[in-house]
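As structure tokens, the structure follows; a few thoughts come after it.
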Amino acid sequence: MKTKHILVVCGAGVTSSMLVSARLRELLDGEGLKDTYDITPCKADLAAAVSPDYDLIVATSTIPDETSCPVIDGTPFLNDRGICATESKVLATLGYELAD
């Protein structure tokens, strides 16, 4: 299975991106996908420039529209509002399905 590369973006690339990264790991590992992905935190102003190297961006802040991969709002990983739909969207975008 090809490794999926996920960029987690917040304003400074530190606190929120680390929290979202932990929640993504929990989701993906819980789906039996451990060792099939890597997650990199990033500052919002760098996201567009590095996006060609990634399969998905999960962002908690506004990023430029000119990214070369799909972008998903990561705010639900911080506040749990709409988290089920967001988790399903992450998995589907990466080509996985949510386990029952």
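Here the structure is a predicted model, which means the values were calculated and not measured. Throughout, residue positions are numbered sequentially from 1 according to the sequence presented.
Phe77 pairs with exactly one of Val8, Leu19, Val58 by the side-chain contact (heavy atoms from CB on, under 4.5 Å) rule, that one being Val58.
Inter-residue side-chain proximity for Ile6 and Leu94 is flagged as met; some heavy-atom pair is nearer than 4.5 Å.
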*side-chain contact (heavy atoms from CB on, under 4.5 Å) assessment of Leu24 paired with Tyr37*: CA-CA 10 Å; Leu24 283 169; Tyr37 64 90; over 6 Å; no
*Decide yes or no on side-chain contact (heavy atoms from CB on, under 4.5 Å) for Arg23 and Asp80, but give the supporting numbers first.*
CA-CA 10 Å; Arg23 295 283 305 266; Asp80 285 329; 2.8 Å; yes
*asked:* Under the criterion side-chain contact (heavy atoms from CB on, under 4.5 Å), I'd like the reasoning laid out for Leu78 against Val20: C-alpha separation, chi angles, the key distance, then a yes or no.
replied: CA-CA 7 Å; Leu78 299 175; Val20 172; 3.8 Å; yes
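Follow the hydrophobic side-chain contacts under 4.5 Å out from Tyr54 and you never reach Ile39; the two are in separate clusters. Side-chain heavy atoms closer than 4.5 Å link hydrophobic residues (I, L, V, M, F, W, Y) into clusters, and following such links, possibly through other members, connects Leu56 to Leu33. Linking Ile, Leu, Val, Met, Phe, Trp and Tyr residues whenever their side-chain heavy atoms come within less than 4.5 Å places Ile83 and Leu27 in a single cluster. Under the 4.5 Å side-chain contact rule for hydrophobic residues, Leu91 and Leu7 do not share a cluster. Ile57 and Leu28 fall into different hydrophobic clusters, defined by Ile, Leu, Val, Met, Phe, Trp and Tyr side-chain heavy atoms under 4.5 Å apart, directly or through other members.
Across every non-hydrogen atom of Ala44 and Ser61, the tightest pair is CB-OG, 3.5 Å. Considering all non-hydrogen atoms of both residues, Met18 and Pro41 come closest at SD-CG, 3.9 Å. Thr60 and Cys10 get closest at one heavy-atom pair: OG1-CB, 3.2 Å.
In this structure a side-chain-to-backbone donor-acceptor pair under 3.5 Å is present from Asp55 to His5. Formation of a donor-acceptor pair under 3.5 Å by the Ser51 side chain with backbone atoms of Ser68 is found in this model.
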